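Note that the structure is predicted; figures quoted are calculated from it, not measured. We use all heavy atoms of the structure for the numbers below, so side chains are in, but hydrogens, waters and symmetry mates are not. Reminder, nothing fancy here: chain letters follow the sequence lines and each chain counts from 1.
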Amino acid sequence: MVKKIAEKGYIFLMLGLLYAPILMIIIYSFSNTNNFTFPEGFTFEAYVSLFTNAPKKLWDSLYNTIIIAVISSVLAALIGSISAVGIFYLKPRTRRLVENVNQLPIINSEIVMAVSFMLFFATLGFPQDRIWGFVRLILGHVTFCTPYVILSVMPRLMQMDPNIYEAALDLGCNPTKALFKVIIPYILPGVISGFAMAFTISLDDFIITQLTKGASTGIDTLSTYLYSSLRNASGLKPFWMPVFTIIILVVVTVVMFMNFRKAGKVHMKKGGK
Amino acid sequence: MKIKELPKTIYGKIKGFRLTRKVFSYPYILFLMFFVITPLVIVLVNAFLSDGQFTLNNFKDLATDGSSLKVLGTSIMVGIVTTLICLLLGYPVAYILSKWSSGSIIVILFILPMWVNFLIRTYALQTIFENVGITLGMGTVIFGMVYNFIPFMIMPLHTTISSIDKCYAEAAQDLGASPVTTFIKTTLPLSLPGIISGVTMVFIPTISAFAISQLLSNNSIILFGDSINLKFENKLYGVGSVMSLIMLALVLISNLFMNKINKGEAAKNLW
């Protein structure tokens, strides 16, 4: 009995430690400061200033973050799903080789990936302007997002009955048509969860974006703008606290939804048996 | 006659290229070679280049540069301490959750904070330390690392421990082993693959972490990841590339080791 209470206490203590800093941000976003004090008492001032006189740079960086995440995750989902099918049907040895290279962006340290992209774009002489800045970032993000799509599509392919594809061919489909009519619909759940993962990872990325964006392209995403504000000696402006709060709430809702939907499905499957 | 047959043979040749399913992987293989392999090769080449000449000077520079070696030493020390604390704090969490029926849902709660951008979480920690009056330094850096990376320890441990067959522990107890002996002789050895994945998944990100140690030590402690970035900021491409290669080698060695032990399960567990 005592042991059970101790165990519960330990889990709650650890969860408490893990969530305390995040909760502090949410609570003190109503204090109109950049730290954890309430000099003016409870106030919505910071939220008001976020929507009335936050710098244009904040909205620009939010816009860039979303544009880059949408384009890269859509590209990653398209490239990833078609390539996963191809990789699945390679000869075993080639397949293992390609899968290992595909793992590289996932296992590699972000800083090494970032540095390698930076040198790559510098060597190729990518121009330092806005448009090419976007191209760099999207290429970089597609490179580290696509492997996740492939990893989430592969299990679906392994579950698929190979006879369905053969049946489509026997009934007169050419391979391309069979791919789009049979295989793609079957792997769609894997593609969607891969897309969601790619989108979240791209939104969240800081290190690769920071080093790949190019020194003078003038592009900032939310995370790189936050980093340069953090390094600024004057400290963060109070409007950042509501920004953090909104990000935290959005992320938590989306991830909870994705995870519990998955957990619910597994549960239903078990119940069905 | 011959001229008439010519189009046919060309057509035959094109037809010989069959659009099988594996062909769909060819564009991506090119993509990987161009955007994953080539950048790493450029890093490799840069490690051997100095003033446009092929030399080993960059390696020599790094090996004789006291401050870089100190950074490497500090990083390994911080990495080891962080990993040990994560293991000591994370193992009980994974062990307790594996006994609960709701464990697999609660483990999601432990992973959830990871999705909040690490800059935000690090800023929150920094502010708490400042409010409480703790001076930023080695202690706060290690706290921040543990805070950031402990989910990477709990995840693989939870997966491994909850897949251990309960019969082993029961058998040990039936044969008269005390709870402690049972744990040491059955659960602990059987969870070794999880421990190894967890240790790798905490140690590598810790030493290559970027910005965390800067923010939590007022720029007084620089770790390997930050140091690579600084080298490139100061245009020391050669030495920076050598350091990146060292990091890459560490990643590859630890992954090879991890794959040998649990046959690629760890990467899947991540998601």
Taking atom OH of Tyr89(A) and atom CZ of Phe24(B), what is their separation to the nearest 0.5 Å?
11.0 Å

Per-residue tally against chain A (heavy atom, under 4.5 Å) across Ser208(B), Gly240(B), Ala124(B), Pro205(B) peaks at Ala124(B)

Which portion of Ile96(B) sits near chain A, non-hydrogen atoms under 4.5 angstrom
side chain

Pro92(B) portion near chain A, given a 4.5 angstrom heavy-atom threshold:
both

For Leu90(A), which atoms come within 4.5 Å of any heavy atom of chain B: side chain, backbone, both, or neither?
both

If we define contacts as heavy-atom pairs under 4.5 Å, which of Phe88(A), Tyr227(A), Phe117(A) has the most with chain B?
Tyr227(A)

Nearest atoms (heavy-atom pairs only) where Ser223(A) meets Leu119(B)
O-CD1, 3.5 Å

For the student: nearest non-hydrogen atoms of Phe232(B) and Met118(A), plus distance
CD2-CE, 3.4 Å

Do Val251(B) and Val112(A) have side chains that approach each other closer than 4.5 Å (heavy atoms only, starting at C-beta)?
no

Worked verdict on Met256(A) versus Trp115(B) for side-chain contact (heavy atoms from CB on, under 4.5 Å):
CA-CA 11 Å; Met256(A) 288 273 247; Trp115(B) 290 96; over 6 Å; no

What part of Leu245(B) gets within 4.5 angstrom of chain A, counting heavy atoms only: side chain, backbone, both, or neither?
neither

Is it the backbone or the side chain of Tyr123(B) that comes under 4.5 Å from a heavy atom of chain A, or both, or neither?
side chain

Note: vs chain B, highest number of non-hydrogen pairs under 4.5 angstrom among Ala114(A), Pro155(A), Pro21(A) is Pro21(A)

Interface moiety of Tyr10(A) toward chain B, non-hydrogen atoms closer than 4.5 Å:
side chain

Under 4.5 Å, counting heavy-atom pairs only, tell me which of Phe118(B), Tyr237(B), Phe110(B), Tyr95(B) racks up the most with chain A.
Phe110(B)

Below 4.5 Å from any heavy atom of chain A, which atoms of Leu215(B) appear? Answer side chain, backbone, both or neither.
side chain

Aromatic ring proximity Phe144(A)/Phe35(B), centre distance under 6.0 Å
no

Mind running side-chain contact (heavy atoms from CB on, under 4.5 Å) on Asn102(A) and Tyr28(B) for me, showing each step along the way?
CA-CA 10 Å; Asn102(A) 182 53; Tyr28(B) 187 59; 2.7 Å; yes

For Asn117(B), is it the side chain, the backbone, both, or neither that has a heavy atom closer than 4.5 Å to a heavy atom of chain A?
both

Chain A contact via Phe31(B) - which portion, at a heavy-atom distance below 4.5 Å:
side chain

Please report the shortest heavy-atom distance between Ile22(A) and Pro113(B), naming the atom on each side.
CD1-CB, 3.8 Å

For Gln214(B), which atoms come within 4.5 Å of any heavy atom of chain A: side chain, backbone, both, or neither?
side chain

Tell me, out of Lys99(B), Met243(B), Arg121(B), Glu130(B), who's got the most heavy-atom pairs with chain A below 4.5 Å.
Lys99(B)

In short, Leu17(A) meets Tyr147(B) closest at the heavy-atom pair O-CE1, 3.7 Å

How far apart are the closest heavy atoms of Thr127(B) and Phe36(A), and which atoms are they?
CG2-N, 3.7 Å

Given heavy-atom pairs under 4.5 angstrom as the criterion, report whether the side chain, backbone, both or neither of Leu104(A) touches chain B.
side chain

Does any heavy atom of chain B fall under 4.5 Å from the side chain of Leu211(A), the backbone, both, or neither of them?
side chain

Which answer fits Thr37(A), side chain, backbone, both or neither, if we ask what part of it has an atom under 4.5 Å from a heavy atom of chain B?
both

Option in Val251(A), Leu119(A), Ile183(A) with maximal non-hydrogen atom pairs under 4.5 Å from chain B:
Leu119(A)

Take Thr38(B) and Thr123(A), measure what side-chain contact (heavy atoms from CB on, under 4.5 Å) needs, and give me the verdict at the end.
CA-CA 11 Å; Thr38(B) 313; Thr123(A) 311; over 6 Å; no

Chain A heavy atoms under 4.5 Å from Phe224(B): which part of the residue, side chain, backbone, both or neither?
neither

At a 4.5 Å cut-off on heavy atoms, which part of Phe34(B) comes close to chain A: side chain, backbone, both, or neither?
both

Given a strict heavy-atom distance threshold of 4.5 Å, which part of Ile207(B) is in contact with chain A: side chain, backbone, both, or neither?
neither

Bottom line for Ser241(B): the part with an atom under 4.5 Å from chain A's heavy atoms is side chain

Highest number of heavy-atom pairs under 4.5 Å with chain A: which of Ile204(B), Leu252(B), Leu109(B)?
Leu109(B)

Which residue out of Ile111(A), Leu226(A), Val85(A) racks up the most heavy-atom pairs below 4.5 Å with chain B?
Ile111(A)

Look at Asn35(A), Leu179(A), Ile25(A) and state which one has the largest set of heavy-atom pairs under 4.5 Å with chain B.
Leu179(A)

With chain B, which of Phe121(A), Tyr28(A), Tyr19(A), Trp240(A) has the greatest number of heavy-atom pairs at distances under 4.5 Å?
Tyr19(A)

Which answer fits Ile228(B), side chain, backbone, both or neither, if we ask what part of it has an atom under 4.5 Å from a heavy atom of chain A?
side chain

What is the minimum heavy-atom distance between Val116(B) and Asp204(A), and which atoms define it?
C-OD1, 4.2 Å

Close side-chain approach of Ile29(B) to Thr94(A), heavy-atom, < 4.5 Å
no

